[in-house]
Enquirer: 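Below is a structure I'd like to ask you about.
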Amino acid sequence: LSLILAEETSTGSELRVDVFVDKIHRIAIKTTSLELLLEETPSTFEAVAYCVDGNTFSTLDGLQFTWTIEPDPDTPVTGSVLRYIPYSQSSYLTPPTIGELENQDKQGDKILIQGINT
C-alpha cells in the first residue's frame with residue numbers, strides 16, 4: 001500500500017489516494033468482437049488481470065505478453081484462420097507502450113487479430 005497526497009495551493013484542498021500493488025492471480029482476454037470475418041477490419045484483443053480477491057488491475061500497460069493463435073482441434077479447418085497484425089501495420093492509433101514493444105519485436109497487453117480464412 002502506498003499513499004499519494006496532493007494539495008491545491010490556492011484553496012488548500014487536499015486529495016488522498018491509496019494505491020495498492022498486487023500480484024496477478026488470473027488473466028482473461030477482453031474483446032468486443034463475437035465473430036471475425038475474412039479480411040474485415042482487425043479486432044482488438046486485450047489482456048485483463050485480476051488479483052486473488054477478483055479486483056481488476058487498472059492497467060497492464062507496458063507489460064510484455066506472448067500471444068499465440070492456435071487452431072481449434074474440434075473444427076475440420078486446416079491452417080490458421082486468424083492472423084496477428086501489428087498496430088504499426090494497421091490504421092489504428094498505436095498506444096505508445098505497444099509501439100515501443102512492437103519496435104523490439106515484442107507484444108503487449110493489446111493485439112489486433114484479423115480473419116484470413118473462413
Side-chain angles (χ1 to χ4, degrees):
L1 173 68
S2 294
L3 176 64
I4 298 175
L5 297 172
E7 183 179 336
E8 208 289 325
T9 54
S10 62
T11 64
S13 297
E14 188 175 273
L15 174 65
R16 174 190 163 125
V17 178
D18 294 328
V19 178
F20 295 88
V21 178
D22 205 346
K23 292 181 181 177
I24 294 174
H25 177 71
R26 179 175 65 90
I27 294 178
I29 298 174
K30 179 176 90 172
T31 185
T32 58
S33 300
L34 297 176
E35 188 174 281
L36 298 175
L37 301 175
L38 182 64
E39 296 299 327
E40 286 289 322
T41 304
S43 292
T44 302
F45 285 69
E46 181 177 355
V48 181
Y50 301 89
C51 73
V52 72
D53 295 324
N55 297 315
T56 306
F57 281 72
S58 59
T59 183
L60 299 177
D61 196 31
L63 294 180
Q64 181 182 335
F65 284 79
T66 301
W67 294 80
T68 57
I69 298 172
E70 298 180 4
D72 182 352
D74 296 329
T75 61
V77 177
T78 57
S80 182
V81 296
L82 302 173
R83 72 174 164 194
Y84 160 74
I85 299 188
Y87 274 86
S88 59
Q89 295 176 17
S90 75
S91 60
Y92 286 66
L93 180 63
T94 305
T97 54
I98 297 294
E100 291 172 19
L101 288 166
E102 285 185 358
N103 287 339
Q104 301 170 37
D105 291 324
K106 298 177 182 175
Q107 298 170 320
D109 63 315
K110 297 173 190 64
I111 61 167
L112 298 175
I113 299 290
Q114 182 179 48
I116 58 170
N117 182 17
T118 57

Enquirer: I need the minimum non-hydrogen distance between Cys51 and Phe57, along with the two atoms involved.
Expert: N-CE1, 3.6 Å

Enquirer: Between Leu36 and Ile113, which heavy-atom pair has the shortest distance, and what is it?
Expert: CD1-CG2, 3.5 Å

Enquirer: Can you tell me how far OG1 of Thr41 sits from CD1 of Ile85, rounded to the nearest 0.5 angstrom?
Expert: 9.5 Å

Enquirer: When hydrophobic residues are tied together by side-chain contacts of less than 4.5 Å, even through go-betweens, does Leu101 share a cluster with Tyr92?
Expert: no

Enquirer: So, does Gln107 use its side chain to make a donor-acceptor pair with the main chain of Trp67 at under 3.5 Å?
Expert: yes

Enquirer: State, without any angle test, whether Glu8 and Ser10 hold a side-chain donor-acceptor pair at a distance under 3.5 Å.
Expert: yes

Enquirer: Between Tyr87 and Thr44, is a side chain to side chain contact (heavy atoms under 4.5 Å, CB included) present by the stated rule, with each step listed?
Expert: CA-CA 10 Å; Tyr87 274 86; Thr44 302; 3.5 Å; yes

Enquirer: Would you say that Ile27 contacts Leu60 through its side chain, given a criterion of any heavy-atom pair below 4.5 Å between the two side chains?
Expert: no

Enquirer: Let me confirm one number: the CD-OG distance from Glu7 to Ser13, rounded to the nearest 0.5 Å.
Expert: 8.5 Å

Enquirer: For Tyr50 and Ala28, work out which heavy atoms get closest and say how close.
Expert: CE1-CB, 4.0 Å

Enquirer: Same cluster or not: Leu15 versus Ile4, using hydrophobic residues (I, L, V, M, F, W, Y) connected whenever any side-chain heavy atoms lie under 4.5 Å apart?
Expert: yes

Enquirer: In Å and rounded to the nearest 0.5 Å, what is the CD to CG distance from Gln114 to Leu82?
Expert: 9.5 Å

Enquirer: Could you measure the distance from the CD atom of Gln64 to the OG1 atom of Thr97? Nearest 0.5 Å is fine.
Expert: 12.0 Å

Enquirer: Between Ile29 and Val48, is a side chain to side chain contact (heavy atoms under 4.5 Å, CB included) present by the stated rule, with each step listed?
Expert: CA-CA 6 Å; Ile29 298 174; Val48 181; over 6 Å; no

Enquirer: Out of the candidates Leu112, Ile111, Asp109, only one should pair with Phe45 under the side chain to side chain contact (heavy atoms under 4.5 Å, CB included) rule; please name it.
Expert: Ile111

Enquirer: Out of curiosity, Tyr84 OH to Ile69 CD1, how far, rounded to the nearest 0.5 Å?
Expert: 10.0 Å

Enquirer: Of the non-hydrogen atoms in Lys110 and Pro95, which two are nearest, and what is the gap between them?
Expert: CD-CG, 4.5 Å

